[in-house]
**Student:** 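Sharing a structure with you now.
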Amino acid sequence: MNTEIAGVIFMYLAMVGLAIPLGKYIARVFNGEKTWLDFMAPLERLIFKLSGIDTKKEMNWKQHLKALLTINCLWLFYAFFCLLAQGHLPLNPDKNPGQTPDLAFNTALSFVTNTNLQNYSGESGATYYTQLFVLMFLQFVSAATGIAAMMIVFKAMKDKVTDKLGNFWDFFLKTITRLLLPLSIVVAIILAFNGTPTSYKGKDTVIGLQGDTVHVSRGPAAALIAIKQLGTNGGGYFGVNSAHPLENPNYLTNMVENISIILIPIALVFALGYYLNKKKLAWVIFGVMTVGFLMIVIPSIRAEVNGNPALAHLGISQPTGSMEGKEVRFGPAASAYWGICTTVTSNGSVNSMHDSMMPISGLGQIFDMMINSFYGGVGVGYLNFYIFIIIAVFISGLMVGRTPEFMGRKIEAREMKIASLIALLHPFIILVSTSIAAYVLVHFPNANWVVKPSAWLNNPGYHGFSEMLYQYASAAANNGSGYAGLTSNDIFWNVSSGLVIFVGRFLPIIGPVAIAGLLANKKFIPESAGTLKTDTGTFGLMIFAVIIIIAALAFFPALTLGPIAEHFSIK
């Protein structure tokens, strides 16, 4: 067990050690400085020339959002119709059929928004064509969209007074060519050399040790798995995601995939410090995020390592901890660590079944997605955190009698209204959606859905409620993981979670970009003795308090009905 804990500590330290130089590199890329990947510039210029895009033409925040939303709508329609017709498209050796309209709607929305919630099994629900040219394509562009939106905010914070915030297409393409693609190639090579499939052949037939005939799915999996981890996408090539022995063959690949989950989100925090020349601010933000992460991951690991108290009361020994739903090759500590890493970001991949974890772990995973700003997804993690910074600056200014200012701009009523609406939106869509699902389950148990509401849950009581709460928290946080005990592939869940995914993705992008654009147009006020310092530990504590208070007040009653009640019922 000590070896497992040492492995977890090594993974985190390696992740931070890699993130710092990567953050410096990212800042150099977007500052226009020389980097070792400048040989990609001719390819970028060719793409821009063919697309008719002039990257020297800078955009204001409204033009950025117009470009972002327009291209995402085009990708949505492309994905939807490809998924409907995939049974008739090439690269389908296993003859998988097209998806139903409600499932295609959910899947297309899910991958366009970097959510990758999968109400289907990858082996049978998608073809090689849609895995590569729809789902993997969207994993690249959705991650790049989030980082491009973050760079708009960075640019607004950097320049003193401006409405020229760079070019969206320049941010977007450089994110792919200079960051996501090179890192994905490295991770994919590691996976391929450790046994992850990279072929275009159909299912293989294997005779097991007991003489059973097993049909094993294959395909070009390594490339998709690399970007699903690095882009905080999380959509697994196989149905059970990174718990599958071909998707995650051994402990080395488990470490590489786990490090990949949070590598870029942490690197982007350090990139802010280098890009703005505000390294102290970056360390304050990193410190707040890390304290929050550790407060969740440590209890989860402890709960899984100690085992199930209900079994202990029956006199059943658990020398290896709680192993239900976990891979023996990873163990409870590494599984718990992955579970928190994947939910503290918008990754959503799994190497064990979250539905089988202890209530404390389930509580941590759901709470991660409810907060949605401790590291968070690539780009959007900082955007969510930016909202809490604005609120914390405003409250702090009122408390100490100073004008609320951030990065030399006054925060006034308009910015606070937007920030407040975005902060309240997240709990609103999660709690309202969960209450509607619970109402339908109780009052219409035999309604004529594809799956009757009475058959939605494999577990009654507290855990059943947690399954529904988890589903909508995952959708709203654009996470994509789920409690496997929920039967979610029906019209109700596909449509309702699809709508939550859409709102949970784009409004939290629009809000911070709008705030940053409005602030960038204001008169720049140099720092003075009366300026509220935002790069201190004290202000970091203020941000942390704002995050916890807002999340606790909004979500504590729902958590009490689910994982908290379940925890006390088995003690």
**Student:** In chain order, what residues pass the ring-ring contact (aromatic ring centres under 6.0 Å, His included) check against Phe492, with sequence neighbours excluded?
**Tutor:** Trp449, Trp456
**Student:** Are Ser300 and Ser361 close enough, and set up right, to give a side chain to side chain donor-acceptor pair (under 3.5 Å), and what steps lead you there?
**Tutor:** CA-CA 5 Å; Ser300 177; Ser361 295; 2.9 Å; yes
**Student:** Strictly distance-based, threshold 3.5 Å: is any side-chain N or O of His354 a donor or acceptor partner for the main-chain N or O of Gly482?
**Tutor:**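 Looks like no, no N/O pair under 3.5 Å.
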**Student:** Considering only NZ, NE, NH1 and NH2 on the basic side and carboxylate oxygens on the acidic side, decide whether Glu44 and Arg178 come within less than 4.0 Å.
**Tutor:** yes
**Student:** For Ser242 and Lys228, test the side chains for any donor-to-acceptor distance below 3.5 angstrom and give the result as yes or no.
**Tutor:**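 Short answer, yes.
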**Student:** Do you see a donor-acceptor pair shorter than 3.5 Å between the side chains of Thr115 and Asn478?
**Tutor:**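 Result is yes, a qualifying pair exists.
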**Student:** Partners of Asn258 by side chain to side chain donor-acceptor pair (under 3.5 Å), sequence neighbours excluded?
**Tutor:** none
**Student:** State whether a side-chain donor-acceptor pair under 3.5 Å links Ser497 with Gln471.
**Tutor:**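 Per modelled atom types, Ser497 and Gln471 side chains form no pair under 3.5 Å.
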**Student:** Parallel under 30°, tilted from 30 to 60°, perpendicular over 60°: which one fits the rings of Phe293 and Tyr12?
**Tutor:**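 Plane angle under 30°, so parallel.
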**Student:** Is there a donor-acceptor contact under 3.5 Å from the side chain of Asn167 to the main chain of Trp169?
**Tutor:**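 Yes; judged by distance alone, with no hydrogens or angles, the pair exists.
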**Student:** Are Asp170 and Thr55 linked by a side-chain donor-acceptor pair shorter than 3.5 Å?
**Tutor:** no
**Student:** Would you say the side chains of Thr538 and Thr536 form a donor-acceptor pair under 3.5 Å?
**Tutor:** no
**Student:** Testing the 3.5 Å rule here: is there a donor-acceptor pair between the side chains of Asn494 and Asp102?
**Tutor:** yes
**Student:** Between Asn384 and Ser373, does any side-chain donor sit less than 3.5 Å from a side-chain acceptor?
**Tutor:** no
**Student:** Taking all non-hydrogen atoms of both residues, which atom of Gln118 and which atom of Asn241 are closest, and how far apart?
**Tutor:**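 That closest heavy-atom pairing would be OE1-ND2, 4.0 Å.
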**Student:** Any non-hydrogen side-chain atom of Pro404 less than 4.5 Å from a side-chain atom of Leu398?
**Tutor:** no
**Student:** Can you list, pair by pair, the side-chain donor-acceptor contacts under 3.5 Å of residues 153-165, counting residues two or more places apart and other chains?
**Tutor:**
{"unit_1": "Lys155", "atom_1": "NZ", "unit_2": "Asp159", "atom_2": "OD2", "d": "2.5"}
{"unit_1": "Lys158", "atom_1": "NZ", "unit_2": "Asn31", "atom_2": "OD1", "d": "2.4"}
{"unit_1": "Thr162", "atom_1": "OG1", "unit_2": "Lys164", "atom_2": "N", "d": "2.8"}
{"unit_1": "Thr162", "atom_1": "OG1", "unit_2": "Lys164", "atom_2": "O", "d": "3.3"}

**Student:** Judged by modelled atom types alone, do Ser496 and Tyr472 share a side-chain donor-acceptor pair under 3.5 Å?
**Tutor:**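 Note: Ser496 and Tyr472 side chains meet the donor-acceptor criterion.
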